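Here is the structure we will look at.
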Protein chains: 2
Amino acid sequence: MAKPTKTNTPITEHLAYLLAQANREINRQLELRLSKEGVPVEQWRILKVLSDGNGHSMGELAEAVLLNHPTLTKMIDRMVSDTLVYRVQDPNDRRKVLMFISDRGKVLCRKLNSLAVDQEEHILESYGDKSTSELKRLLESLIDSSN
Amino acid sequence: MAKPTKTNTPITEHLAYLLAQANREINRQLELRLSKEGVPVEQWRILKVLSDGNGHSMGELAEAVLLNHPTLTKMIDRMVSDTLVYRVQDPNDRRKVLMFISDRGKVLCRKLNSLAVDQEEHILESYGDKSTSELKRLLESLIDSSN
DNA sequence: TTGAAAATATTGAATATTCAACAATTGAAG
DNA sequence: CTTCAATTGTTGAATATTCAATATTTTCAA
């Protein structure tokens with residue numbers, strides 16, 4: 001008795017592919033909005049994390065904004081040039097650098113937040129309240145289960 | 001009467017962020033498996049799309065594997081060097097190039113498929129059957145609603 | 001207390017991606 | 001038909017990312 005031949009799964013049915021596709025699409029839309037202020041998505045994330053007013057080390061930041069260290073260092077260099085953020089050496093551990101958001105950064109961050117909120121609202125409209133919160137829940141739990 | 005102050009949404013609650021995070025994690029795991037054969041995820045996708053044996057134009061491929069044209073061209077150059085795929089000029093429209101998978105490509109693709117299936121099974125175990133299929137359904141519908 | 005290992009951030013070279021310009025072909029309007 | 005705009009794919013320069021090596025500071029064991 002032959003085992004039923006496994007139909008070769010098309011790529012569009014792989015979870016990894018669906019995630020990549022959805023991520024790409026949503027990110028593209030967000031990028032489009034944020035480009036009104038000429039800011040890449042990653043910089044918005046950085047500003048948002050720093051906008052709690054606390055100092056965050058580079059390692060912490062890299063983790064939070066999903067960038068690896070050297071990439072973050074170079075992006076922060078640009079943001080320092082633009083006076084959106086600034087570095088302070090951690091007095092408690094001088095290996096570390098603490099990043100802070102500047103006043104200019106805060107102003108920009110508020111504008112970006114409202115652009116991002118626009119997008120979320122747009123998604124809620126076309127995709128629905130229920131689906132959105134359910135999707136978020138499932139994504140969180142997937143992320144959890146992957147650690 | 002003051003409108004209730006909107007608590008500034010932390011970044012971890014944005015759909016765009018959750019998608020990026022989940023995508024990154026799942027992709028990292030897949031990358032790890034495929035690295036056993038020394039092949040990047042994008043090349044696996046290309047092989048998988050081409051493994052239907054039909055010719056696919058560069059534009060079609062770029063769309064399917066989520067790469068933009070110049071990036072795809074250069075990746076295909078590498079794959080042609082590795083004799084995994086080959087180019088044929090489309091006889092019906094000589095602007096187009098049709099890509100085909102080679103025998104060597106097919107052999108590699110089968111190995112990669114089984115590595116990818118391993119991963120999907122691993123996800124099913126830790127994350128659950130029900131959650132996985134529900135997540136896939138929601139992602140598909142999000143992608144649909146974004147077009 | 002000293003010295004080796006670990007943690008943290010940055011740098012520079014190698015690699016990859018993207019943008020804009022280009023070349024070739026097709027389609028379609030006049 | 002002819003010409004001009006649109007489509008398709010590639011190229012080269014500019015930009016960004018990554019990997020490996022480095023410098024600095026801290027931790028901790030002997």
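Just so we're on the same page: letters track the sequence lines, and every chain starts at 1. Side chains included, hydrogens not; waters and symmetry mates left out as well; all remaining heavy atoms used. A quick note: this is a predicted structure, and the numbers were derived from the prediction, not measured.
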In whole angstroms, how far is the [atom2] atom of [N] from the [atom1] atom of [X]?
{"X": "B:Leu98", "N": "D:dT8", "atom1": "CG", "atom2": "P", "answer": "12 Å"}
{"X": "B:Leu61", "N": "D:dT8", "atom1": "CG", "atom2": "C1'", "answer": "14 Å"}
{"X": "A:His69", "N": "D:dT22", "atom1": "NE2", "atom2": "P", "answer": "19 Å"}
{"X": "A:Ile76", "N": "C:dT11", "atom1": "CD1", "atom2": "C1'", "answer": "16 Å"}
{"X": "B:His56", "N": "D:dT8", "atom1": "NE2", "atom2": "P", "answer": "16 Å"}
{"X": "B:Glu31", "N": "C:dA16", "atom1": "CD", "atom2": "P", "answer": "13 Å"}
{"X": "A:Glu60", "N": "C:dA9", "atom1": "CD", "atom2": "C1'", "answer": "14 Å"}
{"X": "A:Met99", "N": "C:dT10", "atom1": "CE", "atom2": "C1'", "answer": "13 Å"}

Please confirm whether the shortest side-chain N or O distance from [X] to OP1 or OP2 of [N] is below 4.0 Å.
{"X": "A:Thr73", "N": "C:dA9", "answer": "no"}
{"X": "B:Arg95", "N": "D:dT8", "answer": "no"}
{"X": "B:Ser57", "N": "D:dG9", "answer": "yes"}
{"X": "A:Arg87", "N": "C:dT10", "answer": "yes"}
{"X": "A:Arg78", "N": "D:dT17", "answer": "yes"}

Ionic contact status for A:Glu120 with A:Lys136, cut-off 4.0 Å: yes

Salt-bridged, A:Arg137 to A:Glu134, with N to O below 4.0 Å? yes

Closest approach to the side chain of [X], judged atom by atom: which nucleotide of [options] is it?
{"X": "B:Lys74", "options": "C:dT10, C:dT17, D:dT17", "result": "C:dT17"}
{"X": "A:Lys96", "options": "C:dT17, C:dA7, C:dA9", "result": "C:dA9"}
{"X": "B:Asp93", "options": "C:dT18, D:dG9, C:dT25", "result": "C:dT25"}
{"X": "A:Arg94", "options": "D:dG9, C:dT18, D:dT25", "result": "D:dT25"}

Specify the residue among A:Asp90 and B:Gly59 whose closest nucleotide of DNA chain D lies further upstream toward the 5′ end. B:Gly59

Around atom CD of A:Glu63, are there more than 12 heavy atoms from other residues, nucleotides or ligands closer than 6.0 Å? no

Quick one: are A:His14 and A:Thr9 in side-chain contact, heavy atoms under 4.5 Å? yes

Is a side-chain donor or acceptor of B:Ser57 paired with a backbone partner of B:Leu98 at a separation under 3.5 angstrom? no

